[in-house]
Structure formats: C-alpha cells, structure tokens
There are 2 protein chains.
Amino acid sequence: MQVTPELLSRFTLLKPLPRQVLEGLAPHASLARHARREVVVRAGVREDRVCFLFEGRLQGVGHTIDGREVGLYFVEPGDFCGELALFDDNPQPEFVIATAAAAVVFLARNPLREVMLNSSSVSNIVGRKLAERVRQMTEQRTLLGLSNIDQRVCGQLYLLIKGEQRQVESGEIVNPPTHQEIAIMLNISRERVTRAFQALQSRRIVRRDGPGRLVIIDLNSLRRFARGEEEL
Amino acid sequence: MQVTPELLSRFTLLKPLPRQVLEGLAPHASLARHARREVVVRAGVREDRVCFLFEGRLQGVGHTIDGREVGLYFVEPGDFCGELALFDDNPQPEFVIATAAAAVVFLARNPLREVMLNSSSVSNIVGRKLAERVRQMTEQRTLLGLSNIDQRVCGQLYLLIKGEQRQVESGEIVNPPTHQEIAIMLNISRERVTRAFQALQSRRIVRRDGPGRLVIIDLNSLRRFARGEEEL
DNA sequence: AATTGCTTGTGACTCTGGTCACGTCAATTT
DNA sequence: AAATTGACGTGACCAGAGTCACAAGCAATT
C-alpha cells in the first residue's frame, strides 16, 4: 500500500527531515498490517528494510539455544525497529513479533541509508536513536538484577507507561503485553507474572479494563513498589 | 601522556582512518593507566571522551535501584567504550571498571565527533561498531534465558574466548574476570559460579594457570556444555 | 616473617520461583 | 449454539539457587 510523505513525518525519527527528502523516500515505503502473533521482522536473515510502527505494539524476541523465548524490548507506536540493517550487512539478531494487531510502515533500507549518509543531520538522528536503543537495553537488563520479582514486574510496568503520563497520579497502557510476553522480558515464568498482577489488582493499584487496556489506578504506589520502598 | 598516531592505529575502530586524520586526533588523546577495580568511566555524568582499551580488561557495570551490581559487557583490548557520547549529550548510563590493571587511551569526544561527521567512512565505522554493541548485548541477554546455570557459565566463558581461538581445540583467557564479575554478568551468585568452575576443573575442561590466566583445556567439551548437548 | 586483603572453596539451611496440572473465562470460529 | 482457542487464575510440590558462615589459599605490603 502506498505511503504519503505526511504519514512518514508522523514518526519521530523522520519528522525532522525536510519535506523534499520525505518525498524521495515515500515511493520506497509501504504500509502493512500484521495480526497479533505474526512475525514482522525475521531473525537470521539480512533484512532489506526498516520497520516503523504506526499502531499496535511490537516485541523484539530472541531464542536461547534450548529454544526458550527471550524478550528483548517493546516497540511503541511512533518508534521503529530493524535499524541495525542501516549500519552493516549482518543478519538481524532477533525476531520482532506483533503483540497486538499492528500497522507498520516498511521503508526500504538502501534509500534510507543513502539519505542517512548524505545528510549529517539525518545520520545524527539515526545515531541518536541507536544510542537510545542501547540505553533502553541497559535499563531493561538492570531490571533483571532485582532479586525481588514483584519489583521487577512493577519496574517493567513503569517502563511501559509513556513518559507524558509519568507526571500524573494515574495512567493507562493500551494494548498491554500478555503475562507471557512480560514473563520473557523479565526472565520469569508466566504464572509468577500472574501472581504479581493479582497482588497489584487486589491492592487496587492496577485494573484491567477489557482486553486492550490496563489502567494504572495508583501510579504513586506502583512507583514505590518499583523502587523497592515497599513490598507486595 | 602523549599519544602517537601509530598507537591510535592499533585500535580496530581507528585503524581504517587515513594517516592525516590520525595525526589530527593524536593531540587530543592521552594514555592512562588504571589499577584493578578503578573506575574508568563514570555513570550519570556527561563524559567528554571515549575510552579505548589497550591492555587489560574492562567491564561495564550498572546498578539496580537496590544497589546490586549488574554486569553489562566486557571490553577486550583493541575495543572501546563510552561511545554513546558521540551520538548524544545524555549522561553515560553505566560505570566502566577495570577488572585487571589496564592501559587505556582517552580520546576527546568533540574532535572525534568532528571527524565522524565530516567523513562518511568514519561514521560508517562508528555506526557499525555501535550496531555490534547492540548485537553483543542481545547475545548476552539471551544467555540469561538459559534455565541451566552451568550452561550459562559455559556460554559466558565461550564468549570470552577470542574469535581466532574458537577454531582450535584449546584456548586461553588472559586476565580472566573473577567469579564475582562473572556472577553479575549472568545474574547468579558468586558461589554458584565457583561451583560451576569446580565442575569444569574436575572434568579437566578448564585449568587455572596462575592468577592472570585461565586455560581452556577442552574447548570442544566446553562448547558442548554451552550448547546444552551435555550437562555438568 | 607477619599482616592484610581479596579471591576462591565448601557445607548447611532456607525459601522462592519453576513446573505441572488443572480450572475458568472470554472471544472467535464453525 | 457448540466448539475451539488463547489468556488468565490457582494450588501443590520440589529442585535448585541464594544466603550465611567460615576456612583456605594467594599476593602484595609492611
């Protein structure tokens, strides 16, 4: 499906690009829809495109040698993934899977790469984003260091809350990941995540609101649990 | 201490740079020695330099909210760290500590940044390196997914063996990390690492040779354990 | 030679998180 | 409407990792 320059400019990565550049990129972009559980980016192959998420939620997933799934990161709308292809020719190290029905824009690797190489401002932006990814992975890895598992879950939930919402007292997570998807992010079992959620729900800190919406009733308490100032 | 262009060209990142560029960078570089356990790069501050390791071993270390140490990556001689400063102005997310007496070259951030921005070949190289870092972190994170802890230790040891040595039947790790340093990389206790090493030593798979040298006697067996084809 | 400090080695106990085996519930398909 | 599927909920059991405590070994320093 055809993509307009306007659509491209909705992404934070591409927004700062001059109109002219976006018009050059648009013909190499295509819109696709992926159902829940579908593979969006495959591991082990040299992907020739970068994936921008428009709607839904994606998850980067690796596999251990014994076949277990390992959750690496979540991708929120407006963000992107598969950007390693812009830097080298090595295969993608992880799968990216839609954890909720997703609308994505695929942008061909080479044209974007050209734009990046010819404009220092663009390579700045892409470089900053990659640096941001490293910070995000570091933060996620640090979560795993917590010995208290409920604390891990609270920390993960807190990471899932968008920055703008963190100021106020309550918030919501749309299209929240399943317990299983959270479990592999935190290296714990699905059942253990369920029990942590039970504890949070019985204390009226979070509440499910239908399938695609998780309401954070008491964000302050969640933050305290995430920081270990109080235990579940 | 003053640094020559020749010294700079010993690093894989800088090696491909034209002689002229290296001469321009050399005045902004300085050589420093760090004792074991010393902090080489501090977390939370905006570092104005990138750190190249010449000799010894470094470890990126994060801290959980409750004060535990989290091992993020090892830096081998020839490699570098603190490179996020080249991409944005945010503070360094993690500490980098010398796990063995180390000789490092600090290269001022801004001159290197200039070189990077003005030469697409240089930004290519830096970008590739950052992408490599992401792959490395992904691989490390995947290790944590293994439920068998001895397997994790074997996998970590295997990662520590330099690529060139992986072809042959035996190898060695110079300046190996302590059990504690391995433990925080794998999210396990120091004692558990010791027990894993005991198992490996009693089977004549590895052997300590003095303080700064770990000999891998039977690399094939180590590989089999790392892959889970056999259990300790 | 003695001291200090760090690393490694080891046993015993505890306890928690994984696993298994269910059941429940809601949404979707047939 | 029935059947299927996938997510969530829950109890029981237990292997195994963490923790604590202490000893031994080794290196560097006094």
Side-chain angles (χ1 to χ4, degrees), chain A residues 35-38 57 59 64 66-71 97-101 143-153 157 173 175-202 206-214 231-232, chain B residues 35-38 57 59 64 66-70 97-101 143-153 157 173 175-203 206-214 231-232:
Chain A
R36 183 177 169 68
R37 296 263 116 204
E38 268 185 1
R57 187 188 300 276
Q59 182 177 32
T64 62
D66 61 345
R68 271 171 195 276
E69 284 192 324
V70 175
I97 290 167
T99 66
L143 259 192
L144 299 190
L146 294 169
S147 51
N148 184 319
I149 288 202
D150 293 314
Q151 202 178 340
R152 273 192 225 175
V153 175
L157 278 180
I173 301 172
N175 293 322
T178 65
H179 293 180
Q180 174 62 24
E181 284 152 3
I182 294 174
I184 62 174
M185 294 292 289
L186 300 174
N187 241 21
I188 56 182
S189 68
R190 194 268 309 167
E191 292 90 333
R192 191 60 188 76
V193 176
T194 298
R195 292 188 223 272
F197 267 86
Q198 285 304 104
L200 285 172
Q201 276 161 5
S202 71
V206 308
R207 175 170 54 84
R208 282 212 81 97
D209 184 24
R213 194 153 168 270
L214 182 71
E231 286 196 10
L232 283 177
Chain B
R36 183 178 169 69
R37 295 262 115 203
E38 268 186 358
R57 188 188 301 278
Q59 181 179 32
T64 62
D66 61 345
R68 270 169 196 276
E69 284 193 322
V70 176
I97 290 167
T99 67
L143 259 191
L144 300 190
L146 293 168
S147 51
N148 184 320
I149 288 202
D150 294 314
Q151 203 179 339
R152 274 193 225 175
V153 175
L157 278 180
I173 301 173
N175 294 322
T178 65
H179 293 179
Q180 174 61 24
E181 284 153 2
I182 294 174
I184 62 174
M185 295 291 290
L186 300 175
N187 242 21
I188 57 182
S189 67
R190 194 270 308 167
E191 292 90 333
R192 193 59 188 77
V193 176
T194 298
R195 292 187 222 271
F197 267 85
Q198 284 305 102
L200 286 171
Q201 276 161 5
S202 72
R203 289 170 192 240
V206 307
R207 174 170 57 84
R208 281 211 81 96
D209 184 23
R213 192 151 169 271
L214 183 70
E231 285 196 12
L232 282 177

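Below, read A as the first sequence line, B as the second, and so on, with proteins coming before strands; counting in each chain starts at 1.
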So how far off straight is the helix from C:dA1-D:dT30 to C:dT30-D:dA1, going by the axes through five pairs at either end, to 10°? 40°
For A:Arg152, which of A:Leu157, A:Ile182, A:Leu186 qualifies under side chain to side chain contact (heavy atoms under 4.5 Å, CB included)? A:Leu186
Interatomic distance, CD1@B:Ile97 vs CD@B:Glu38, rounded to 0.5 Å, equals 10.5 Å
Can you give one letter per nucleotide of nucleotides 23-30 of chain C, going 5' to 3': B for a protein heavy atom under 4.0 Å from the base, S for sugar-phosphate only, - for none? --------
Go through it in stages, so that I can follow the logic: the residues are A:Gln59 and A:Ile184, the test is side-chain contact (heavy atoms from CB on, under 4.5 Å), and I'd like the CA-CA distance, side-chain angles, deciding distance and then a yes or no. CA-CA 11 Å; A:Gln59 182 177 32; A:Ile184 62 174; 3.9 Å; yes
Give me the atom names and distance for the closest heavy-atom approach of B:Ala35 to B:Ala98. O-CB, 3.6 Å
Inter-residue atom distance B:Thr64.OG1 - B:Glu69.CD, 0.5 Å rounding: 9.5 Å
State the CE-CD distance between A:Met185 and A:Gln180, to the nearest 0.5 angstrom. 12.5 Å
Please encode protein proximity along nucleotides 2-18 of chain C as a string of B, S and -, counting only heavy-atom distances under 4.0 Å. -----SBBBBB----SS
Interatomic distance, CG@A:Asp150 vs CZ@A:Arg192, rounded to 0.5 Å, equals 4.5 Å
From CG of A:Leu214 across to P of D:dA7 the rounded distance in Å is 16 Å
A:Glu181 and salt bridge (charged side-chain N to carboxylate O under 4.0 Å, His left out): which single residue from A:Arg190, A:Arg37, A:Arg57 fits? A:Arg37
Could you give the distance from CG (B:Leu232) to CD (B:Gln198), rounded to the nearest 0.5 Å? 12.0 Å
Checking A:Asn187 side chain against A:Leu144 main chain: does a donor-acceptor pair fall under 3.5 Å? no
